[in-house]
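Just so it is clear, the values below take in all heavy atoms, side chains as well, and ignore hydrogens, waters and symmetry mates.
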Amino acid sequence: MLEQAAASAVLQVIRDRRSIRRFSPEPIPRQHLEAILEAGRLAPSSNNRQPWRFVVVTESHRAAFLEAFARGVAAEENGNGMLPGRASGCKAAAHTIQVLERAPVTVLVLNPIGLAIGQSMTPEEHLFELNNAQSVGAAMENMALTACALGLGSLWICDIHFAYRQIQDFLGTKEQLIAAMAFGYPEEHPAARPRKKAEDCIQWL
């Protein structure tokens, strides 16, 4: 059946997707980038709030972006950052900078309606933030899967938070910084990482 064939094709892309940390410097065609961003834009969201904005960092701004990232990591290492007690994670963040030096494109994912880091929240605001996080996650997954379908690799990056303020300054915004995604043609083909068994994470009632 056509429906089963379509579902199988989608599941195959999901199975094939990998987190890539070694990219070819080969440029990504503009139409591929536009398709990836369109997939993010079309994601479902809580109350259709669409709590996202995507900033595409290309070759001409890569050095300035990475310099801001590096300044943030250095501040954390020296105990002057936003995440006291998290200096142990700086090594991984520094490695991420090395990965991004070769990635042709990095997309920064912002939540324009998100609350400021450290802001006290009412229970209602907390739920609002949780719903928006789910929505942004759906957009990012759409982007990762579309990249895979186009023969590209991607890396979902969380440790830009070690340079949260510095990257906000680089962008000239106070919008909530959610994550980053690197895209490019992969120069590695890692094996699938272990997953929980279905019986360990699925309950039927």
Side-chain angles (χ1 to χ4, degrees), residues 6 9-45 50-73 92-112 135-164 166-173 175-193:
V10 172
L11 283 171
Q12 191 58 53
V13 172
I14 292 171
R15 292 189 182 102
D16 289 344
R17 187 213 59 80
R18 297 287 185 272
S19 295
I20 300 299
R21 292 175 174 81
R22 288 177 54 206
F23 294 99
S24 162
E26 180 182 350
I28 301 173
R30 176 68 178 242
Q31 63 267 29
H32 284 9
L33 278 175
E34 290 175 348
I36 291 167
L37 294 163
E38 180 72 354
R41 189 183 71 83
L42 293 176
S45 63
Q50 303 172 59
W52 47 64
R53 190 167 76 88
F54 308 113
V55 179
V56 184
V57 182
T58 51
E59 181 74 28
S60 59
H61 290 87
R62 181 192 301 164
F65 162 61
L66 293 179
E67 192 275 331
F69 195 167
R71 278 192 289 106
V73 173
H95 178 65
T96 296
I97 294 172
Q98 294 176 346
V99 171
L100 294 179
E101 287 174 348
R102 284 183 56 86
V105 172
T106 299
V107 176
L108 298 173
V109 183
L110 305 169
N111 175 3
S135 303
V136 176
M140 294 179 67
E141 182 70 359
N142 276 10
M143 294 163 71
L145 293 177
T146 300
C148 181
L150 291 168
L152 293 162
S154 65
L155 181 64
W156 186 316
I157 300 164
C158 294
D159 55 15
I160 57 167
H161 293 146
F162 284 93
Y164 193 95
Q166 290 80 3
I167 293 174
Q168 280 185 326
D169 291 344
F170 161 74
L171 295 172
T173 185
E175 292 167 292
Q176 193 180 78
L177 180 63
I178 299 292
M181 298 187 77
F183 297 99
Y185 289 99
E187 283 194 340
E188 64 175 356
H189 300 281
R193 300 186 70 181

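Under the side chain to side chain contact (heavy atoms under 4.5 Å, CB included) test applied with Leu100, the options Thr106, Val57, Val105 reduce to a single match, Thr106.
The main-chain N or O of Pro112 is never found under 3.5 Å from a side-chain atom of Arg53 such that the two would form a donor-acceptor pair. A donor-acceptor distance shorter than 3.5 angstrom exists from the side chain of Ser45 to the backbone of Gln50, with no hydrogens or angles considered.
Thr173 is linked by a side-chain hydrogen bond (donor to acceptor under 3.5 Å, both in side chains) to Glu175, counting only residues two or more places apart in sequence or in another chain. Checked against side-chain hydrogen bond (donor to acceptor under 3.5 Å, both in side chains), Asn142 has no partners two or more places apart in sequence or in another chain.
Taking CD from Glu38 and CZ from Arg41, the interatomic distance works out to 4.0 Å, rounded to the nearest 0.5 Å. For the atom pair Gln166 CD and Ile160 CD1, the distance stands at 11.5 Å (nearest 0.5 Å). One finds the CD atom of Glu26 at 9.0 Å from the CG atom of Leu152 (value rounded to the nearest 0.5 Å). The structure places OG1 of Thr96 at 10.5 Å from CG of Leu66, a figure rounded to the nearest 0.5 Å. Note that CD of Gln176 and CD of Gln168 are 9.0 Å apart. Values are rounded to the nearest 0.5 Å. In this structure, CD1 in Ile167 is found 5.5 Å from CZ in Phe69, a value given to the nearest 0.5 Å.
Closest approach of Ala139 and Gly40 over heavy atoms only: CB-O, 3.4 Å. Looking at every heavy atom in both residues, Pro190 comes nearest to Arg18 through O-NE, 2.9 Å. When all heavy atoms of Ala149 and Val13 are compared, the pair lying nearest together is N-CG1, 4.1 Å. Across all non-hydrogen atoms, the minimal contact from Pro44 to Ala138 is O-CB, 4.1 Å. Residues Arg102 and Glu187 come closest through the heavy atom pair NH2-OE1, 2.9 Å.
Side chains of Glu67 and Phe170 form no contact here, defined as non-hydrogen atoms less than 4.5 Å apart. Looking at heavy atoms from C-beta onward, Pro104 lies out of side-chain contact with Glu59 at the 4.5 angstrom threshold. Within the 4.5 Å cutoff, the side chain of Arg17 has heavy atoms near those of the Ser19 side chain. Phe54 has its side chain within reach of Met143: a pair of non-hydrogen atoms, C-beta onward, lies under 4.5 Å apart. Side-chain contact between Leu110 and Trp52: absent, with no pair of heavy atoms (C-beta onward) separated by less than 4.5 Å.
Classification of the Tyr164-His161 ring pair by plane angle, with boundaries at 30° and 60°, yields tilted.
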Using the rule given for side chain to side chain contact (heavy atoms under 4.5 Å, CB included), can you reason through Tyr185 versus Ile20, listing the C-alpha separation, both sets of side-chain angles and the distance that settles it, and then say yes or no?
CA-CA 9 Å; Tyr185 289 99; Ile20 300 299; over 6 Å; no
